[in-house]
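So you know, we letter chains A, B, ... as the sequences are listed, proteins then strands, and number each from 1.
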Amino acid sequence: MELKSTDFNHGGRSGFTLVEIMIALTVGTLLLIAFVGATISLSRHMLAVSNYNDLDNASRNTLDLMSRDIRNASQLIACTPDATGTNYTSITFTNPSVFGNSGFSYTYAGNALTRTYCYTNGTASSRILLTNCDYLAFTLYQRVPTNTAAGFSFVEAGSETNETKLVSVSWRCSRSILGSKMNTESVQTAEIATRN
Amino acid sequence: MKISLNPEAKATSALSLVEVLVAATIAAIILTSLYLGIATNFTLLATTRQNLRATQIMVSKLEAIRLCRWSDDQLFNPDIVPPTFTDSYYPQGIFGNNTNTGVNYYGTITVDTNLSTFQATFSSAGTVPSYQSAMAVVTVTLNWTNGFGDKVGHHRTMSTLVAEYGIQNYVANY
């Protein structure tokens with residue numbers, strides 16, 4: 001048996017020097033930090049975009065339903081003021097020719113907006129339209145136009161809520177991303193006039 | 001059994017400086033393009049959101065205009081339907097006491113009983129409806145800048161027709 005040992009003479013080839021290794025490690029570390037940072041940032045932004053898309057879908061769907069309901073209504077029959085006293089967290093409309101003696105209501109509580117629909121046969125159905133809702137306010141206006149500093153507007157209903165003809169609604173939804181509240185708000189505002 | 005280990009069997013060599021520079025350049029171009037593409041998407045998203053908010057503002061104005069009576073003291077009164085107005089991306093109060101309003105929108109409202117321009121744009125030539133004197137074109141226009149570094153101006157317009165016998169014809173306590 002012939003066994004030839006390894007020759008450790010590298011024939012002129014040499015490894016990296018300490019300086020080269022240090023430079024390579026420094027450059028590699030910087031690149032890695034930049035890559036990880038960029039990846040985390042991009043991931044957060046992608047999640048924010050995805051969240052915004054979800055929230056915007058829910059907001060548009062909610063606004064479509066609300067617009068259809070309020071335009072079909074004839075009279076506001078109940079409402080619940082919020083802490084400010086000028087806005088409302090709940091509104092209930094009716095249109096006897098459509099809803100009988102019942103109607104529909106939109107109620108904001110616990111960061112969610114619930115739509116309750118009452119049918120003429122006395123049954124009702126509830127559905128949560130919005131979640132993760134940080135702010136929601138209804139403002140009620142009469143039919144009397146006015147010109148305020150903000151521009152074209154109407155006189156607020158005040159105590160005469162049964163005179164409501166125009167409903168202004170605005171809300172803001174948001175979600176937490178990777179443990180922190182990120183600005184993925186979906187702001188929605190609308191003014192809806194009753195058509196009956 | 002014969003075992004032969006010859007470390008000099010093959011001459012190995014590292015990458016040359018030119019190869020490294022070319023590879024680094026290609027990688028830099030790819031990463032920069034990727035970053036710019038994603039950044040452009042975010043900018044586009046922000047612009048889309050501003051467009052959406054602009055649409056909300058214009059629709060609100062056109063919705064509310066239907067509550068005005070067809071008369072000189074309401075629909076055609078510039079003190080009631082002002083020719084100019086301002087609004088902001090974040091409605092007042094939606095962030096509590098936070099005064100950050102985001103992008104500012106500068107708008108105009110025109111109520112025009114001359115339907116010729118509108119008709120030329122949206123209707124076939126030569127057809128003049130007999131009821132045109134009882135109709136008006138309400139046009140809401142918004143202008144804003146994007147709020148980013150090099151501010152880009154944006155302009156949106158929305159029009160609707162209102163009819164004397166179509167809008168609500170009550171006498172409000174005005």
Check your understanding: So, B:Gln56 side chain and A:Ala190 main chain: donor-acceptor pair closer than 3.5 Å or not?
Key -> no
Practice item. Quick one: closest heavy-atom pair of A:Met46 and B:Phe42, and the distance? Key: N-CZ, 4.4 Å
Practice item. Please round to the nearest 0.5 Å and tell me the distance separating atom CG of B:Asp79 and atom OG1 of A:Thr146. Key: 10.0 Å
Point to revise | Region of A:Asn87 in contact with chain B, defined by heavy-atom distances below 4.5 Å | key: neither
Exercise for review: Determine whether A:Ile33 and A:Ile40 fall in the same hydrophobic cluster, where Ile, Leu, Val, Met, Phe, Trp and Tyr are linked whenever their side-chain heavy atoms lie under 4.5 Å apart.
Suggested key: no
Check your understanding: When clusters are formed by joining ILVMFWY residues with side-chain heavy atoms under 4.5 Å apart, either directly or through shared neighbours, do B:Leu31 and A:Leu30 land in the same one?
Key -> no
**Study point:** Gap separating the CD atom of A:Gln188 from the CG atom of B:Leu52, nearest 0.5 angstrom
**Key:** 6.0 Å
**Study point:** chain B contact via A:Leu136 - which portion, at a heavy-atom distance below 4.5 Å
**Key:** neither
Point to revise | Test: A:Glu191 and B:Arg66 ion pair at under 4.0 Å | key: no
Check your understanding: Side-chain contact, heavy-atom cut-off 4.5 Å: B:Glu63 with A:Arg71?
Key -> yes
Review point. Going from CG on B:Leu67 to NZ on A:Lys165, what distance comes out if it is rounded to the nearest 0.5 angstrom?
Key: 7.0 Å
Point to revise | From CA spacing to verdict: side-chain contact (heavy atoms from CB on, under 4.5 Å), A:Val144, B:Gln74 | key: CA-CA 9 Å; A:Val144 184; B:Gln74 287 200 2; 5.9 Å; no
Review point. Step by step, would you call B:Arg49 with A:Asp56 a side-chain contact (heavy atoms from CB on, under 4.5 Å)?
Key: CA-CA 10 Å; B:Arg49 294 170 74 172; A:Asp56 193 53; over 6 Å; no
**Study point:** Members besides A:Val19 in its Ile/Leu/Val/Met/Phe/Trp/Tyr cluster (side-chain heavy atoms under 4.5 Å)
**Key:** A:Ile23, A:Val27, A:Leu31
Point to revise | Nearest heavy-atom neighbours spanning B:Cys68 and A:Phe154 | key: SG-CZ, 4.4 Å
Review point. B:Leu44 and B:Tyr35: same hydrophobic cluster, using ILVMFWY side-chain contacts below 4.5 Å?
Key: no
Practice item. State the OG-OH distance between A:Ser170 and B:Tyr90, to the nearest 0.5 angstrom. Key: 13.5 Å
**Study point:** Contacting moiety of B:Pro78, where chain A heavy atoms sit under 4.5 Å
**Key:** backbone
Revision key, fill the gap. All heavy atoms of A:Val49 vs all of B:Leu45, minimum pair found to be CG2-CD2, 3.6 Å
